[in-house]
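Lettering follows sequence order; numbering is per chain, from 1.
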Amino acid sequence: MSSHKLQAPKGTRDWYPNEMSVRRHIEAAWRSASVDSGFDEIEGPTFEHLELYTIKSGEGIVNELFSFTRAGGDDTYALRPEFTPTLARMVVARAAQLPMPIKWFCMPAMFRAERPQRGRLREFQQWNVDLIGVAGAEADAEVIATGILALERLGLRPTDVQVRISHRDAVANILRRLGVAAESLHAAFELLDRRDKLDAAEFAKRAAALGLDEGARAGFERVARTTLPIATDIAELARNVDVPVEDVEPLAALRDRLSALGLADWCRWDLGIVRGLAYYTGMVFEFHEASGAERAIAGGGRYDTLVELFGGPKLPACGFGMGDVVLSLVLADRGLLKDAEAGAFLPRPDVFLLSNGAEAAERGVAGLEHSLRRAGFHVRRSYKQTRNIGKLLGDANKVRARFALIVDDKFADGVVTLKDLGAGTQADVWREDLDGLLRRAR
RNA sequence: GCGACCGUAGCUCAGUUGGCAGAGCACCGGGUUGUGGUCCCGGGUGUCGCGGGUUCAAGCCCCGUCGGUCGCCCCA
């Protein structure tokens with residue numbers, strides 16, 4: 001709002017209590033879905049040696065990084081733009097001693113020096129889930145299922161979000177069938193990925209360069225546009241893209257596994273999903289808002305060669321990243337964050353303590369407040385001068401306290417008034433019974 | 001890195017051909033010794049993003065800059 005130095009840097013966010021409560025709400029779903037699925041939480045440094053990021057992504061990535069050197073130092077560092085290189089480094093460092101499989105998750109802040117736009121900021125939280133050491137559809141489906149579990153816990157349903165799944169082996173088979181030479185496969189993936197950004201003439205030109213004639217181009221288009229329910233028989237899927245069923249065989253096990261997990265409604269085949277990353281080796285997927293309105297909510301896949309690329313043993317691996325920015329937009333669009341402004345995601349006090357101003361009460365409340373906190377309760381009070389009970393109850397209501405504890409001269413006899421702010425009822429109770437009453441009501 | 005639009009109170013915004021900065025909500029205080037979530041009264045809380053220019057006079061016009069929004073590039 002004001003200027004230069006006093007403003008938060010471009011593309012960053014300040015987390016006031018209401019915003020922070022929404023972030024914790026999302027992170028709680030991420031964490032609980034991860035832990036319940038058997039993943040352990042890890043964390044790495046916020047910055048790494050710059051070179052760590054060029055190993056798999058090349059020098060081109062440097063423009064998208066916040067990188068720096070220490071004053072007077074020579075080493076170049078970069079704020080982490082993604083977690084995978086750190087993950088690979090951590091796995092490689094202890095590959096020999098880690099029990100397999102490795103099931104790790106984290107939800108760190110990431111930094112990318114991009115121009116902010118809808119669904120994209122320069123700093124954001126990203127949930128990473130990775131399962132390393134297990135090959136095949138069993139692990140692929142478990143990773144996807146963990147992502148879906150978190151979304152379910154945030155109130156989303158298959159009508160809100162769809163997981164679009166493809167498999168590079170199947171797509172490679174189909175592309176070969178269309179006449180793409182092995183050495184052009186990578187370029188063909190890129191073209192598949194960029195098809196919507198190119199005009200028809202440019203697309204045709206590039207397709208021709210890959211060895212696709214007019215008929216094959218039509219087939220290529222058909223592959224790019226193929227989206228079918230995951231429950232679809234793979235023979236039908238094969239017919240749909242006009243290839244023999246063995247070409248799409250890699251999809252069968254994944255289909256069976258996801259169906260067995262009861263997640264078929266959440267998932268669709270989308271053979272146009274490529275993922276830009278060159279290191280994906282099998283299944284790839286993206287979570288999208290159901291109508292396709294937003295950027296991808298999450299993206300991931302299998303990367304069986306990555307650990308080796310970072311100097312470790314050959315280990316099969318599968319994982320995804322889910323950012324908080326697009327997810328928050330989708331949750332807001334679906335009305336799942338609508339009471340956040342009213343503090344609906346802030347922790348609710350168990351007790352709101354108020355004194356009517358009587359001498360015994362004034363003397364007693366401070367000690368009462370802290371002893372209730374020591375007993376494990378969330379206790380708040382008003383800092384207003386007034387001892388007007390109505391006003392103070394208004395404050396209790398504003399912070400959504402469950403109970404108001406009204407202290408008056410009866411406190412001298414060890415009696416306080418406990419008011420249930422939800423039910424509107426109240427009763428005089430012994431101070432010594434208070435902890436038990438509150439604990440039971442919780 | 002490029003382009004378009006935008007920037008007035010905590011929030012949403014109004015502000016005429018340049019002439020004393022406003023509304024609603026929020027917030028703060030009070031309502032004849034004590035009952036809230038829906039009453040009443042009072043309070044404007046401001047570097048009009050910032051810097052410069054034009055002018056007797058700038059929220060308004062001009063230039064620059066920072067930031068926001070949405071695209072492009074890129075998207076790990």
Student: Could you tell me if A/S21 and A/E19 have a donor-acceptor pair between their side chains, going purely by distance under 3.5 Å?
Tutor: no
Student: Give the rounded distance in Å between these two atoms: OH of A/Y280 and C1' of B/C75.
Tutor: 12 Å
Student: Taking only the P atom of each, what is the distance from B/C5 to B/C75 in whole angstrom?
Tutor: 28 Å
Student: Looking at A/G357, is its backbone amide N or carbonyl O close enough to the side chain of A/S355 to form a donor-acceptor pair, meaning the two atoms are under 3.5 Å apart?
Tutor: yes
Student: Using a heavy-atom cut-off of under 4.0 Å over every strand shown, decide if A/G11 touches base, sugar-phosphate, or nothing.
Tutor: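 Sugar-phosphate: the residue A/G11, judged by heavy atoms under 4.0 Å, touches backbone atoms but no base.
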Student: In whole angstrom, give the distance that lies between atom CD of A/Q117 and atom C1' of B/G1.
Tutor: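 Distance check: A/Q117 CD to B/G1 C1' gives 13 Å.
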Student: Using whole Å, what does the distance between atom C1' of nucleotide B/G68 and atom CZ of A/R13 come to?
Tutor: 15 Å
Student: Do side-chain atoms of A/Q125 reach the backbone of A/M107 as a donor and acceptor pair under 3.5 angstrom?
Tutor: yes
Student: Name the pairing partner of B/G71, where a pair is Watson-Crick or G-U wobble with both distances under 3.5 Å, or state none.
Tutor: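 In the structure as shown, B/G71 has B/C2 as its Watson-Crick or wobble partner.
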Student: Say you pick atom P in B/U16 and the same atom in B/C20; how far apart are they, in whole Å?
Tutor: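 About 11 Å, rounded to a whole number of Å.
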Student: Quick check on RNA chain B: between A/G299 and A/T12, whose nearest nucleotide comes earlier from the 5' end?
Tutor: A/T12
Student: By salt bridge (Lys or Arg N to Asp or Glu O under 4.0 Å), which residues pair with A/R373, not counting sequence neighbours?
Tutor: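 Testing A/R373 for salt bridge (Lys or Arg N to Asp or Glu O under 4.0 Å), a comparison that skips the adjacent residues, returns A/E369.
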Student: With a 6.0 Å cut-off (strictly less than), is the heavy-atom count around CD of A/E359, excluding the residue itself, greater than 12?
Tutor: no
Student: Rounding to an integer number of angstrom, what distance separates B/A9 and B/G49 when you compare their P atoms?
Tutor: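 That atom pair is separated by 8 Å.
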Student: Is there a donor and acceptor pair, one atom on the side chain of A/R275 and one on the base of B/A76, closer than 3.5 Å?
Tutor: no
Student: For A/R194 and B/C72, what is the distance between atoms CZ and P respectively, to the nearest whole Å?
Tutor: 11 Å
Student: Is there a side-chain contact between A/S166 and A/V274, using heavy atoms and a 4.5 Å cut-off?
Tutor: no
Student: Grab the NZ-P distance between A/K10 and B/G49 for me, whole Å please.
Tutor: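 After rounding, the gap between these two atoms is 18 Å.
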Student: Taking only the C1' atom of each, what is the distance from B/G52 to B/C66 in whole angstrom?
Tutor: 14 Å
Student: Round to the nearest Å and state the distance from A/Y279 atom OH to B/C75 atom C1'.
Tutor: 12 Å
Student: Who is the Watson-Crick or G-U wobble partner of B/C20, with both distances under 3.5 Å?
Tutor: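 Checking every strand shown, B/C20 finds no partner, since no pair has both distances under 3.5 Å.
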Student: Is there a Watson-Crick or G-U wobble partner for B/G36 with both distances under 3.5 Å, and which nucleotide is it?
Tutor: none
Student: With rounding to the closest Å, how many angstrom separate the P atoms on B/U38 and B/C25?
Tutor: 13 Å
Student: Once you apply the 3.5 Å cut-off to both distances, tell me the Watson-Crick or G-U wobble partner of B/G42, or none.
Tutor: B/C28
Student: Encode nucleotides 31-41 of chain B as B, S and - characters from 5' to 3', where the letter depends on protein heavy atoms closer than 4.0 Å: B to the base, S only to sugar-phosphate, - to neither.
Tutor: B--BBBB----
Student: Between B/C74 and B/C11, how far is it from one C1' atom to the other, in whole Å?
Tutor: 34 Å
Student: Indicate, yes or no, whether a donor-acceptor pair under 3.5 Å links the base of B/C75 to the side chain of A/R115.
Tutor: no
Student: Indicate whether the side chain of A/Y303 and that of A/D130 have a donor and an acceptor atom separated by less than 3.5 Å.
Tutor: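 The criterion, which ignores hydrogens and geometry beyond distance, is satisfied for A/D130 and A/Y303.
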Student: Taking only the P atom of each, what is the distance from B/G53 to B/U45 in whole angstrom?
Tutor: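 One P to the other, the span is 29 Å.
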Student: Grab the CG-C1' distance between A/L65 and B/C74 for me, whole Å please.
Tutor: 12 Å
Student: Rounding to an integer number of Å, can you tell me how far A/L392 CG sits from B/C28 P?
Tutor: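 In whole Å, B/C28 P and A/L392 CG are 13 Å from each other.
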Student: Looking at B/C61, which nucleotide sits across from it as a Watson-Crick or G-U wobble partner, both distances under 3.5 angstrom, or is there none?
Tutor: B/G53
Student: If you measure from the P atom in B/C70 to the same atom in B/A26, how many Å do you get, rounded?
Tutor: 28 Å
Student: Would the number of heavy atoms belonging to other residues, nucleotides or ligands and lying under 6.0 Å from CD of A/E221 be above 12?
Tutor: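 Yes.
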Student: Using the side chain to side chain contact (heavy atoms under 4.5 Å, CB included) criterion, which residues pair with A/L336? Sequence neighbours excluded.
Tutor: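 For A/L336 the side chain to side chain contact (heavy atoms under 4.5 Å, CB included) partners, ignoring immediate neighbours, are A/L156, A/L331, A/R334.
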